[in-house]
Amino acid sequence: MRLEGLELRRVAMPLVSPFRTSFGTQTAKDILLIRAVTADGEGWGECVTLPDPVYSPEYTEGAVDVIRRFIAPALAGARLSGAHMIGETLAKFKGHRMAKAAVEMAVLDAELRAQGRSFARELGAVHDTVPCGVSVGIMDEIPRLLDAVDEYLDEGYVRIKLKIEPGWDIDVVRAVRERIGDGVQLQVDANTAYTLRDAQHLARLDEFGLLLIEQPLEEEDILGHAELARILSTPICLDESITSAQTTAAAIGLGATSIVNIKPGRVGGYLEARRIHDVAMAHGVPVWCGGMVESGIGRAANIALAALPGFTLPGDVSASDRFYRTDITEPFVMKDGHLAVPQGPGLGVTPIPEVLDELTTWTQWVPM
Ligand SMILES: CSCC[C@@H](NC(=O)CCC(=O)O)C(=O)O
Ligand SMILES: [Mg+2]
């Protein structure tokens with residue numbers, strides 16, 4: 001495979017409404033897209049970094065820098081027979097998994113498009129539609145949240161995820177559970193907002209029949225999550241802590257997680273995401289596909305991943321209009337609470353040129 005270069009492109013995508021989590025509020029996404037140009041054609045990748053290092057240590061300016069100064073030169077000098085070799089080629093650089101994932105995704109998309117092979121086929125998808133969960137942010141008051149939850153259920157979402165933080169947790173979950181009844185799948189995500197000292201407080205969530213509580217403690221507190229799992233009856237699901245197949249096996253082995261949120265960007269790419277899926281399945285641990293408010297580019301790949309056999313819980317795989325009035329690809333539209341898995345070559349979608357031009361704030365060509 002001959003890599004000719006990478007086009008780095010940032011697009012400004014306003015959100016339909018503010019999305020508040022325990023680490024901040026987003027009103028727009030500044031998305032870094034990668035267009036890989038190879039001798040066989042081009043492919044697209046999406047970097048899931050935020051502008052600030054508040055979800056993980058990575059941030060968008062840092063991803064741009066590490067791609068330009070380290071990742072691109074390393075790949076330019078490597079003899080790559082395919083995207084599957086990128087992970088090993090870049091292993092000498094520590095971390096920067098979201099930057100690596102975006103580049104690997106773009107090269108993999110180029111390779112698969114040239115072969116006429118879909119992401120779904122490459123990853124081992126076994127379904128042609130996936131169920132849609134939706135992530136609901138923290139709001140100013142409970143009645144507004146209840147209205148939002150009602151609207152999402154009316155749209156057909158099959159699972160509700162509530163962002164929580166100290167001061168916005170027990171009463172909120174109780175109100176939602178009372179509103180939606182016991183038959184709707186409900187889970188919460190704390191984004192590391194608690195400590196083990198909150199264990200008895202978090203145990204009060206057990207009365208609400210939640211599917212899981214996602215990442216209650218800080219990313220590196222694996223033993224704390226194992227201790228919490230012994231106190232709560234609600235299953236613990238790790239997100240930020242899961243950075244590779246290796247950390248997945250360790251977290252499962254230590255009893256820190258009994259469900260895994262897989263986010264390809266967080267773990268270094270879709271190929272590592274598949275390895276995590278395989279490790280979890282081997283341990284009988286269900287997985288689901290997390291979201292980073294992706295555009296249609298990342299969303300297409302996430303839907304393909306969510307169609308693998310071990311993804312037995314609804315993911316944060318929402319329709320495009322959950323976050324965006326205009327997507328940079330044809331929008332993903334939910335039907336009966338499900339999204340269709342793209343079957344075309346590669347991602348099966350491409351950016352709409354005029355939309356891309358309108359939303360682009362910056363581009364740079366990185367020759368290789
Ligand atoms: C952009 S940062 C959001 C991180 C958060 N993601 C979601 O809540 C899902 C967002 C989505 O549906 O893409 C998580 O910690 O799981
Ligand atoms: Mg999460």
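All ligand and atom numbering here is 1-based and tracks the order in the structure. All residue numbers refer to positions in the sequence shown, counting from 1.
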Quick one about [Y] and [X] (side-chain donor to acceptor, distance below 3.5 Å, no hydrogens or angles considered), yes or no?
| X | Y | result |
| --- | --- | --- |
| Glu111 | Thr38 | no |
| Ser135 | Asp316 | no |
| Ser295 | Glu46 | yes |

Among Val54, Asp316, Thr49, closest by heavy atom to atom 9 (C) of ligand 1 is Asp316
Tell me the protein heavy atom at minimum distance from [atom], and give that distance in Å.
| atom | answer |
| --- | --- |
| atom 13 (O) of ligand 1 | Val293 N, 2.7 Å |
| atom 10 (C) of ligand 1 | Gly291 O, 3.6 Å |
| atom 5 (C) of ligand 1 | Lys163 NZ, 3.1 Å |
| atom 16 (O) of ligand 1 | Lys161 NZ, 2.8 Å |

Report the part of [X] (side chain from C-beta onward, or backbone N, CA, C, O) that has a heavy atom under 4.0 Å from ligand 1; answer both or neither where that applies.
| X | answer |
| --- | --- |
| Thr21 | neither |
| Val134 | neither |
| Val48 | neither |

To the Mg ion (ligand 2), the closest N, O or S atom belonging to Asp239 is OD2
- Stacked cation flag Arg159 on Trp288, 6.0 angstrom / 45 deg: yes
Checking Asp169, Thr21, Asp189 against Lys163 for side-chain hydrogen bond (donor to acceptor under 3.5 Å, both in side chains), the one that qualifies is Asp189
**OP:** Could you tell me whether Asn191 and ligand 1 have an N or O pair separated by under 3.5 Å?
**Re:** yes
Examine all N, O or S atoms of Glu240, backbone included, and report whether one is under 2.8 Å from the Mg ion (ligand 2).
no
Under 3.5 Å, side chain of Glu58 to main-chain N/O of Arg97, donor-acceptor pair present?
-> yes
Note: ligand 1 atoms sitting under 4.0 Å from heavy atoms of Phe323 are 10 (C), 11 (C), 12 (O), 13 (O)
